[in-house]
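In each ligand, atom 1 is the first atom listed, and ligand 1 is the first ligand listed. FYI, the numbering just counts along the sequence from 1. The analysis underlying the following values was restricted to heavy atoms, covering all of them including side chains, and did not include hydrogens, waters or symmetry mates.
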Amino acid sequence: MKNLGTFQITKAFPLVATLLLLTQTSMAQTVNRKILTEEVKAEFRHAWNGYKQYCWGHDDLKPLSKTCRDWYGTPVLMTAVDSLDSLYLLGFKKEADATREYIAKNLNFDKDISVQNFEITIRILGGLLSAYQITNDKRLLDLADDLGTRLLPVFDSPTGLPYKYVNLKTGKTREPISNPAETGTLIIEFGTLSKLTGKPVYYEKAKRALVETYKRRSPIGLVGTNINVETGKWTNTDSHVSAEIDSYYEYLLKCSLLFGDKECQTMWEDSITKVHTHLADEGENMSRKNVTGPVVIGDLWYGHADMNTGRRTATTTGALDAFFPGVLALDGDLNRARALQDSMFKMWQAHGIEPEVYNYKSGKVVHGGYPLRPEIMESTYILYQKTKDPKYLAMGETMWRDFVKHCRTEIAYAGLKNVETKEKTDYMHSFLFAETFKYFYLLFAPEKTLDLNKVVFNTEAHPIRKTWKN
Ligand code: DMJ
């Protein structure tokens, strides 16, 4: 019995495992990356043209009614900013330059609107910083600096944990009930802003929020779903790696990768151990004891448990949870990453597209929406980069074909109301351009397109490069 590390498979399955690998490899040999790369570009262009034709100057396109949505009644150019670095990456330089010009001339944060700090940070602050690093256009950094200053009042709570909303003009904050994803997914953007402007305040405030979240972990090392930023007390003790917690874990790791922050590394290492101990759910094909080769078969899922007792509260996962194999792979835990990715792909294949919430024990869809989420493509891309196993290209191709088949509309792309009926919903999130198309593209595009070792993606897939010394 050979130990391959943290995750293992039973001896009873070597033949099955080999056959599985051979099937996947031969499937993968037929993947034509060049054609797929061109297809992704063409579909990106199709959706972008739809957005431009109907909603240029507005935040988002509603692709069925061909109308527009501005998140706060007045535009903050959500889709334009979120898409900018993707436009450059996919090679649409002329379009990207024109969009950049439009943003530089029209984006203005001096508005009497109360915005959600998390969403504005990951989509707009992250988008501006990434595009600045690509273009060196100082106007983008100035916009980011102005936005960062206007967001800073969120941290003025008794605990240093950020309020959910802040008024960009008055600095008035609201909504003290937050969650680890919103209190702990800020350090990549605010930290980068500090490094690029030389103003330490951004890093310090976001880092404190991350640490204050971690400090409130339970005695068994888990965090809950909701926390009051004024009292520092948990208002919902359900623990998981899904909505409202997910990217807190992602940023503990990425903070250490991008900034070399040792405290972040320690917090990540401690937290991930507790997640494996209390949240992992291993199916009957999975064993921690026996191992025969590099192929992991069987089930690994991460469910819900009470943060204080570790008692299992739900056996649900979903589209958002699919970021987790990618994070594990980034951390070098390839055995767990591979096993979990296989599980997530099973969830996708159950209906030819993944649901928002899925019960992995019963195989039932709990919430059937699919708002064009990118997490499973992100993990597929990272796993392919880390393993070069062609099975991930084949996986990506299957998902790409399903995605186009079910989500394409006459003028753009639409999320699904229900993955079982495939009925569409009248919305196209900006993360379609920022993330979903980008990860598909990066999976299939030539290896030299982007070196994963040289960038850290924020949770909205905006690549950040460490261009500073320390
Ligand atoms: C994105 O805005 C980000 O990836 C965030 O971390 C989670 N939700 C969406 C995509 O699903």
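The single protein non-hydrogen atom nearest to atom 6 (O) of ligand 1 is Thr459 OG1, 2.8 Å, given as residue, atom name and distance. Remark: minimum distance from atom 8 (N) of ligand 1 to any protein heavy atom is reached at Arg373 NH1, 3.6 Å.
Between Glu269 and Lys274 there is no salt bridge, since no side-chain nitrogen of the basic residue lies less than 4.0 Å from a carboxylate oxygen of the acidic one.
Between Ser247 and ligand 1, a contact under 3.5 Å exists for no N or O pair. Residue Glu375 has at least one nitrogen or oxygen atom sitting less than 3.5 Å from a nitrogen or oxygen atom of ligand 1, judged on distance alone.
Atom CZ of Arg465 is surrounded by 12 or fewer heavy atoms from other residues, nucleotides or ligands within 6.0 Å. Shown here is Lys388, whose NZ atom has more than 12 heavy atoms of other residues, nucleotides or ligands within 6.0 Å.
Ranked by closest heavy atom to atom 5 (C) of ligand 1, the top entry among Ile122, Asp82, Leu320 is Ile122.
Interface atoms of ligand 1 facing Glu460, defined by a heavy-atom separation under 4.0 Å, are 1 (C), 2 (O), 3 (C).
Side-chain atoms of Lys386 do not come within 3.5 Å of backbone N or O of Leu334 as any donor-acceptor pair.
Relative to the ring axis of Tyr249, Lys254 does not place its NZ or CZ within 45° and under 6.0 Å from the centre.
Residue Glu435 touches ligand 1 through its side chain alone, judged by heavy-atom distances below 4.0 Å.
In the model, Ser430 has a side-chain atom that pairs as donor or acceptor with a side-chain atom of Asp82 under 3.5 Å.
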